Q: 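Mind looking over this structure? Questions follow.
Protein chains get the first letters and strands the later ones, always in sequence-line order, with residue 1 at the start of each. All values derive from a computational prediction rather than experimental measurement.
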2 protein chains.
Amino acid sequence: MAQNRINNDKRSEEARPMPANAAKPPRPSTARVPLSRVRLDGMWGLYQRLAREATIPYQRDILNDAVPGAVASYALRNFRAAAGMVEARHGGCPWQDSDVAKWLEAVAYALESQPDAALESDADGVIDLIEKAQQPDGYVDTYYILHPEWERFTNLLEHHELYCMGHLTEAAVAYYRATGKRKLLDVARRCANMLCARFGEGGGKTEGCPGHEEIELALIKLSDVTGEERYLRLAKYFLDARGTSPNCFALEEKRRGRSDAEVQREGRYAYYQAHMPVRDQTAAVGHAVRAAYLYTGMAMAALRTGDEPLMAACRRLWSDIVGRQLYVTGAIGQSSHGEAFTFGYDLPNDTVYGETCAAIGLVFFARAMLDSEARSEYADVMETALYNAIPAGMSLDGKRYFYVNPLEVWPEASEKNQGRQHALPERPGWYGCACCPPNVARLYASLGEYAYGQKDGTLFVHLYSAGMARITVPGGEAAIRVDTAYPWDGAARIVVTETSGVAWTLALRLPGWCADPAVSVNGATIQTDSAENGYLYINRLWKLGDTVELDFPMPTRLVRANPLVRADAGKAAILRGPVVFCLEEADNGANLSALTIHADASAITAEPDDSLMPGSVRIKASGFRDTADTDTLYMDKSDIRREPISLTYIPYSFWANRGKGEMQVWTRLA
Amino acid sequence: MAQNRINNDKRSEEARPMPANAAKPPRPSTARVPLSRVRLDGMWGLYQRLAREATIPYQRDILNDAVPGAVASYALRNFRAAAGMVEARHGGCPWQDSDVAKWLEAVAYALESQPDAALESDADGVIDLIEKAQQPDGYVDTYYILHPEWERFTNLLEHHELYCMGHLTEAAVAYYRATGKRKLLDVARRCANMLCARFGEGGGKTEGCPGHEEIELALIKLSDVTGEERYLRLAKYFLDARGTSPNCFALEEKRRGRSDAEVQREGRYAYYQAHMPVRDQTAAVGHAVRAAYLYTGMAMAALRTGDEPLMAACRRLWSDIVGRQLYVTGAIGQSSHGEAFTFGYDLPNDTVYGETCAAIGLVFFARAMLDSEARSEYADVMETALYNAIPAGMSLDGKRYFYVNPLEVWPEASEKNQGRQHALPERPGWYGCACCPPNVARLYASLGEYAYGQKDGTLFVHLYSAGMARITVPGGEAAIRVDTAYPWDGAARIVVTETSGVAWTLALRLPGWCADPAVSVNGATIQTDSAENGYLYINRLWKLGDTVELDFPMPTRLVRANPLVRADAGKAAILRGPVVFCLEEADNGANLSALTIHADASAITAEPDDSLMPGSVRIKASGFRDTADTDTLYMDKSDIRREPISLTYIPYSFWANRGKGEMQVWTRLA
């Protein structure tokens, strides 16, 4: 396993030859670039600042029940009570602990990027508390600790002990990496050791797996950072125990008194992705966040164990999502019922769930796949979600959040049609809940891990953003600076600002949305058709000041959905580079469904627009508006008037920042 | 009130002059034509036969728990137990009694149309049982009789005592009219007398109104047939007590222990149309069946009491439904959540509820409005529902039923997308439930009451069907025979087969869908622009054999929805006469959303098609099918291939009679 440890920045590496054959199998892109070695500017820099300055401090107050008027969290009080410091009943949801962990994880990434003594001190205080709450045997879950009359691990299906322990473990790994401090890592290890002793086959162990996946990927991270292979083995056990026959959830439910008829109801465990063994699964089903966390864990385990059948299942599930169940914005989870996947080509724009956390989970899955195989399609999907579905979940001031990210909103329907009430037209005050904001915060705070990767002296640029990155290369250190107005402009200049005396490789992703990429080094063109699986590998003895010019032309595109997508039939979406655009009522008046866009893409122009985000663009297109000359419901063609109009599109992720109104991504073609 | 009694066929009448001015206020069209005096042939004759030969006998066995494999009804056992004949707990829903009543009502109409000694004997047996179950004070509701520990009328909101008593009353009126037998009518009168003593303002009476409206219209029918004005007064009381402040439901709920906060939650009583006084209501809201029954009662009460503000409310609610919330098929109730109305122009085709019983309720409401004002728009809506939304609820063999009547079905979505699971692609075995089939049965068995009306010697022809009708006119009796292939052909010949020696009036509705109606009497053209509010009044001294030729040209129409209807934007439906057509997968292959229809209506032809219904037609139109050359989800225009195809439409009400498949009413225009 050693070759896959994530904390192996310094291990010996060798230069790779330039690829001669584009049909080669994908190279892996395994190791993270530490956040201390990455800086992101531009839009993502802004989001990172929002995470640091808005979300993290506010969330700390929420967790402390210190925000007047906000719904009580109880999350830290639960830990104090579990530690015996106060007398209190457990408050909040069974998974309330995970809010604390996700906050700590976000803090860790923020600290790794930029030290902050006061913030670190806050975090250390919380970690002290968690350590005090941990039981002598390593168990730590305040919901059960504060209900000592309940037997632990008897309701893996519905309760969230393993889920909370997973988040705690992720936080511990991140905090250790950020600060080098071991206290929380030791808490996580004691907990993991307890789990290793408790779960597994035979030997009197408990057979089972979590109802909400998360522990799997967390144990693998813990294994990576500690070098302890048994954590990886336990993760693999949880994966392999899922959906087998007899189903461990069915056995558990029967122990809790459920009837055979109930537990044998068809599809009962699909919500939990436990309807069949994971390596037999071919379609993404059930609760989308659960699914994405599971698939992430599967891909991480497959890479580390060389388990090709497991990786093949990951590829199938990936293909099912990306080829049949993915919104153009990067959202997943079509249904509010169970916050779940439905089935291929069922992509309603109005009743969609598209939970922010599910798109974040998809980014995790994509990143894990990319670690195995440097295929640009994985990074393309990450990029789509990171520029569209996920930032749409947050207001531009970082203070209000969406859980649900529809592609079409009619405020009156959100209010009066119960089947659409989950798709809100305005972001609620985010203090009302504590689960999604820290997920956005931990993602944006760690974005450097997604933008860059390294492997054997190759620096992978998965995502483009102004900023810098530094890695260890053969013979020393290397660093690049990226100057670009991406995603608003497809030109980027990469300047080598530090390098060693030995050749190393810069691996540049060629975005899937770009039909005609151009790359040059110091003015000399590089043939982009030499790219392997969407990555252009440039190996050379880099000199200080060497400059790579990237030109990814960004014409505005009128994109169609596959005709099998019923919701988008006869419609088009506007994309420019990785950015999806939308119509808003604020620019185009009410009843967006009555608008059509001219099918001639040449009638579409992009223009600078600083009103919502400095440096961004909006799109102007010609189209028509239909209105009726009569007020009846049904009429002849002659009663409908069609007048030419100019349509204004803004970036989808900026919608709902100008008051309540309609929004629409897919517009009928004239 | 006497002038409004429904059983006053024989009272003195006078001939009306031919109208000179089409702007006259509408004439009323009050009195029913007894079913013994009407015969319907053609498609409706078939539906009447299905009601008589399939639904009624089967339902009798269901009510007796005599159908092997069917879910137990308990409905008649409940009455036996309430009568002390057997010892049993109450079984089934709280409103189970209404199934018995609706069955009896359907039987009554069937007997009135066509005597059947065996069927009448069955019904008499059931009536004996009901009489035995009735309590000495007139109370009859087996749910409470079998729970003597509960206090009656303390949960008017959720329980259904008044609803069940209403259906019992409707059955009693119908059975009395059909057979002249008074036993059930006396049961209903004793019950109504008990209600008159119990409910009302002051004098120690209970103040309240029913959670499920129905008793209002039933009490008015009882008042009509008995001449007892107090039943009408009680109906009016129930109407006026609804939605006033303080809200009687809120008071009742607080008596049952609900908190102020709960009962004051905004919109809490809109589901029950009790959110404001009925005469202030302007929009149809809440449970659609409840709403339609309420509005029917309001219109009936307004007519009989000359209550113009109440009638004005009915007109407003009618306009809201027809102008903003009515599907092109005549379905109402857009949402499965609460089986309810939502709001104007929100008419989703896939997630619609469109309960069969709600469309039936709309026919009741339309008929009640027509009784007040002979405006063809009311009959137009009745006709639309009776040829489309309602028959779609029943399979062509009369043995399977839909509750939900969507305008677009994708079977995989019905199976896998929970938000669409209510919209089934196949009619369930109707024995599984006992509530909707008898509603269809009682409607079709009484269709003569909707097709014809009479008032002061005028015979109103509201709906066209082959058959005959007879009424009393000045100087004697008159009868007509109608020869027509309606609704498949717009030509009809009305022959006078009996007449008196005094002039009388034939009032012919000119269908709203017909742009160019032509009418002649014995070959002499009648100017149709002399019609008043859509009715052409022909007053003359009719002779035997006089012949009225009607020609309502039925071109196939490509109908558009108002552009405010987002779900139908850019689409068209095909209508021909009153019949709505649809595409089915059986004729057009899968993925109907990928089809477009050529906007040129001249490319559309109607052709005879006996395969589903003798004499019916199907429509052929030219269009296109979009397919993709790639299997990705998103693509450029160049990846989409458009090929010309021929589309086949069948009548909407015949859908789902050829196995499971897609169906679509609204199709994109090419």
Q: Please rank A567(B), G570(B), A572(B), A590(B) by heavy-atom pairs under 4.5 Å with chain A and give me the top one.
A: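 Most heavy-atom pairs under 4.5 Å with chain A: G570(B).
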
Q: With a 4.5 angstrom heavy-atom cut-off, which part of L564(A) approaches chain B: side chain, backbone, both or neither?
A: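 Both parts, heavy atoms under 4.5 Å.
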
Q: Using a plain distance cut of 3.5 Å, could you tabulate donor-acceptor pairs between chain A and chain B?
A:
unit_1  : atom_1 : unit_2  : atom_2 : d
L326(A) : O      : Y634(B) : OH     : 2.6
V328(A) : N      : Y634(B) : OH     : 3.1
D346(A) : OD2    : N417(B) : ND2    : 2.8
N417(A) : ND2    : D346(B) : OD2    : 2.8
R560(A) : N      : M635(B) : O      : 2.8
R560(A) : O      : M635(B) : N      : 2.8
N562(A) : N      : L633(B) : O      : 2.6
N562(A) : ND2    : T632(B) : O      : 3.0
P563(A) : O      : N591(B) : ND2    : 2.9
R566(A) : NH2    : E662(B) : OE1    : 3.0
R566(A) : NH2    : E662(B) : OE2    : 2.5
N591(A) : ND2    : P563(B) : O      : 2.9
T632(A) : O      : N562(B) : ND2    : 3.0
L633(A) : O      : N562(B) : N      : 2.7
Y634(A) : OH     : L326(B) : O      : 2.6
Y634(A) : OH     : V328(B) : N      : 3.1
M635(A) : N      : R560(B) : O      : 2.8
M635(A) : O      : R560(B) : N      : 2.8
E662(A) : OE1    : R566(B) : NH2    : 3.0
E662(A) : OE2    : R566(B) : NH2    : 2.5

Q: What residue in A270(A), P348(A), A561(A), A599(A) has the most heavy-atom pairs under 4.5 Å with chain B?
A: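 Looking at each option in turn, the highest pair count goes to A561(A).
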
Q: Check whether any side-chain heavy atom of L633(B) sits under 4.5 Å from a side-chain heavy atom of L347(A), and report yes or no.
A: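 The answer is yes; the side chains approach within 4.5 Å.
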
Q: Based on non-hydrogen pairs under 4.5 Å, which of A594(A), A340(A), A413(A) is most in contact with chain B?
A: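 Highest number of pairs under 4.5 Å: A413(A).
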
Q: Examine whether an atom of V322(A) lies under 4.5 Å from a heavy atom of chain B, and if so say whether it belongs to the side chain, the backbone or both; otherwise answer neither.
A: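 V322(A) touches chain B through backbone heavy atoms alone.
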
